[in-house]
There are 2 protein chains.
Amino acid sequence: MVEMNERKKGILKAVINEYILTAEPIGSRTISKKYKLDVSSATIRNEMADLEDLGYLQQPHTSAGRIPSDKGYRFYVDSLIDVERIPESFEEMIRKKYLERKKEVQNIVQVTSQMLSQLTRYTALVASPSSTDYYFQHLQLVPLEGKKITIIVVISSGLVQHQTLTLQHRPSREELGNISRLINDRLQGLPLGKISSEVLGQLERELKDHSIFRELYRSLLTVLTEEGLSQEWGKIHLDGATNILEQPEFSDLEKVKVFLKLFEQEDILRQLLNRIPAEGLQVVIGGEIPLQEMKDCSLVVADYSIQDTSVGKMAILGPTRMNYPKVIAAVNFMAEVISKVMREED
Amino acid sequence: MVEMNERKKGILKAVINEYILTAEPIGSRTISKKYKLDVSSATIRNEMADLEDLGYLQQPHTSAGRIPSDKGYRFYVDSLIDVERIPESFEEMIRKKYLERKKEVQNIVQVTSQMLSQLTRYTALVASPSSTDYYFQHLQLVPLEGKKITIIVVISSGLVQHQTLTLQHRPSREELGNISRLINDRLQGLPLGKISSEVLGQLERELKDHSIFRELYRSLLTVLTEEGLSQEWGKIHLDGATNILEQPEFSDLEKVKVFLKLFEQEDILRQLLNRIPAEGLQVVIGGEIPLQEMKDCSLVVADYSIQDTSVGKMAILGPTRMNYPKVIAAVNFMAEVISKVMREED
DNA sequence: TCTTAGCACTCCTCTGGTTAGAGTGCTAAG
DNA sequence: CTTAGCACTCTAACCAGAGGAGTGCTAAGA
């Protein structure tokens with residue numbers, strides 16, 4: 001029975017490194033020449049045959065070089081990888097990027113996915129927090145011209161939802177003040193996940209002498225409850241989609257089509273990220289991805305925190321042949337920077 | 001000298017219709033068989049040669065059929081096209097789409113581009129209004145926990161901008177009330193285009209005994225002035241980018257790349273739309289588009305109104321070989337529906 | 001004078017076969 | 001156990017030739 005040994009590990013690592021660079025099957029001669037392993041190509045040939053028996057390498061066809069299998073990549077990621085670090089100097093630059101924009105979830109998500117895709121040259125996915133992580137804080141009814149008013153809801157960490165509607169009659173300032181005070185008293189501090197149509201329904205019954213509430217009802221549903229919020233929250237932000245076009249594995253137009261179509265279906269992407277356990281950094285390789293169409297890709301996923309609570313996930317999607325050290329470093333780095341920036345009290 | 005006549009027009013129309021359908025060069029035999037023009041293929045051959053001399057048709061190479069030139073399409077669009085109508089019945093459906101979402105510019109733009117790309121199966125571009133079309137209406141300072149406050153600015157037609165910031169000290173309700181009253185008095189009714197850093201600077205000088213204003217200053221800039229607003233406004237929303245992949249003219253991966261990259265550069269798209277005069281519906285064909293990369297495409301552009309004021313543009317981008325009657329109908333229709341929906345007083 | 005059948009010609013595209021090259025596995029010697 | 005040598009395999013690239021679609025031109029017919 002063949003077994004793994006140090007030399008085999010070295011060869012496996014060399015093959016994978018080389019394949020990541022060239023995207024071409026790697027022959028024994030290439031390895032013996034480029035990497036100083038002090039053995040002949042024939043020896044490497046033998047070892048590579050063993051590595052194939054062990055399932056770490058595979059041949060596209062006889063008389064071609066070897067390419068890594070999913071199992072090979074898995075071993076590489078778990079045991080062979082040289083950890084890279086993103087220079088600390090980047091941190092200040094990226095921190096600035098965050099601070100020069102409005103500090104809202106939508107922006108954080110957007111900037112993060114941009115940074116990630118620029119840093120790695122692959123496709124970045126960032127899931128924004130779902131509403132269940134937040135608390136109701138304050139509601140304000142602002143009268144506009146005529147019969148119009150704007151409902152403004154402030155949610156923990158200064159996130160704001162708003163909606164404009166037209167009432168049956170022009171409301172008095174008093175009227176609005178009264179009703180908003182009542183609503184505020186009732187909802188203060190409730191987690192958004194708990195504010196269901198039931199809670200609002202009950203409130204409606206209690207406030208039935210305030211005819212305005214009936215009119216507000218539908219809008220409040222939109223601004224406060226799960227269903228309404230899901231339109232804006234739990235969104236997936238995607239960046240650098242066209243980066244996949246630079247990868248030789250996507251020189252086939254059909255494949256490109258499949259992917260770009262996939263990218264347009266947010267719910268599928270959201271499901272995908274949700275299915276990956278969210279502790280620290282995860283690498284999901286090839287067939288391990290719960291999406292048949294992505295069997296030739298890998299995902300590097302990490303969760304990020306706002307105010308020290310893990311609220312969302314970010315991921316890089318690239319070919320299985322991706323530059324793991326670089327991508328892992330980038331994702332780790334970004335997750336850390338976000339968490340730092342979002343912990344600060346400014 | 002050859003001249004245009006009715007038969008030539010009929011043949012040109014037939015060739016273009018057929019080419020729109022098949023994307024293959026059209027031969028004389030195809031025309032004489034499929035379209036009842038009661039002449040032989042030889043006659044059509046002669047006429048087609050004339051149409052080529054006139055510049056309406058061209059041959060990819062001798063011994064191939066003819067394809068329309070830009071000039072051919074132009075003539076077709078201006079004089080030969082059969083106007084289609086989108087069934088009225090769609091209107092109610094689409095109106096619903098608008099009403100079930102929050103009635104904000106961001107949403108209107110988003111829904112519109114979705115509808116357009118679904119209706120036509122090409123790529124839709126919608127430019128949201130630029131801030132200069134709006135007026136300041138109301139500012140509200142909402143205190144949050146600790147030293148945080150949210151600035152909420154309501155702009156004409158119920159559009160809302162907001163930003164959260166942290167002050168040096170916890171402000172009193174009074175303090176906030178005072179300063180917001182002062183700001184409101186000053187800015188009431190001003191067009192956003194007029195609210196420059198000068199206006200705010202002057203306000204700062206006047207309010208120098210209110211130390212808070214100094215802290216608000218930067219945030220107000222972001223929420224109120226051109227530079228800050230441009231981040232969110234004047235945005236281009238794009239939908240159905242992958243629809244171009246279905247077009248045989250994009251079977252070349254290089255072309256696809258160029259386009260998808262282009263689609264990621266919002267400023268270029270914005271410029272593109274801005275350069276097209278905005279009265280009613282415009283068809284811009286092939287080389288007429290002020291972007292070299294799009295010389296094999298056409299644009300169908302229309303402007304849309306909110307409250308009877310033209311504020312933005314929508315466009316369909318497809319190959320020059322696009323189905324003009326259908327696209328023109330769709331764009332016209334959507335522009336009308338928006339304008340109707342946005343004129344109503346609810 | 002206009003239309004049309006006929007025909008030679010052009011040019012693209014598709015097919016099949018051949019070749020060059022890269023890489024292998026195996027064998028036998030060091 | 002390592003390695004040089006060699007026969008073998010398989011692909012990708014190239015090329016030639018056939019097939020076919022479509023043209024332009026000519027000459028005859030209406």
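Residue numbers begin at 1 in each chain, while the letters A, B, ... track the order of the sequences.
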Which whole-number value in Å describes the distance from A:D53 CG to C:dT24 P? 14 Å

Taking only Lys NZ, Arg NE, NH1 and NH2, and the carboxylate oxygens of Asp or Glu, determine whether B:K295 and B:D70 approach each other closer than 4.0 Å. no

Applying a 3.5 angstrom cut-off to the pairing atoms, does DNA chain C sit in any stems of at least three consecutive Watson-Crick or G-U pairs? List them by first number. C:1-30 with D:1-30

Regarding B:R7 and B:E47, does a basic nitrogen lie under 4.0 Å from an acidic carboxylate oxygen? yes

Could you state the atom-to-atom distance from CD of A:Q58 to C1' of D:dC10 in whole Å? 17 Å

What parts of residues 59-71 of chain B reach DNA chain C, counting only heavy atoms under 4.0 Å away? B:H61, B:T62, B:S63

Nearest-Å distance for atom pair CE/C1', residues B:M48 and D:dG24: 13 Å

Salt-bridge contact A:E84-A:K326 (side-chain N to carboxylate O under 4.0 Å): no

Ion pair B:R66/B:E52, N-O distance below 4.0 Å: yes

Check for a donor-acceptor pair, side chain of A:E266 on one end and backbone N or O of A:I236 on the other, with a separation under 3.5 Å. yes

Measure from CD1 on A:I11 to C1' on D:dT2 and round the result to the nearest Å. 12 Å

Rounding to an integer number of Å, can you tell me how far A:E47 CD sits from C:dC26 P? 15 Å

Does some side-chain heavy atom of B:I328 sit less than 4.5 Å from a side-chain heavy atom of B:V83? no

Working note: A:T30 + A:E18, criterion side-chain hydrogen bond (donor to acceptor under 3.5 Å, both in side chains); need CA distance, chi angles, decisive distance, verdict. CA-CA 9 Å; A:T30 315; A:E18 195 64 17; over 6 Å; no

For DNA chain D, the residues among residues 20-45 of chain A that have a non-hydrogen atom under 4.0 Å from it: A:V39, A:S40, A:A42, A:T43, A:R45

Over how many whole Å does the gap from B:Y19 atom OH to D:dG22 atom P extend? 14 Å

Check ion pair B:E264-B:K261 (N to O, under 4.0 angstrom): no

Do the side chain of B:S117 and the main chain of B:Y122 share a donor and acceptor less than 3.5 angstrom apart? no

B:E18 CD - D:dA21 P separation (whole Å): 16 Å

Do the side chains of A:F259 and A:L317 get nearer than 4.5 Å, heavy atoms only? yes

Beyond-backbone contact of A:E288 with A:V284, side-chain heavy atoms, under 4.5 angstrom: yes

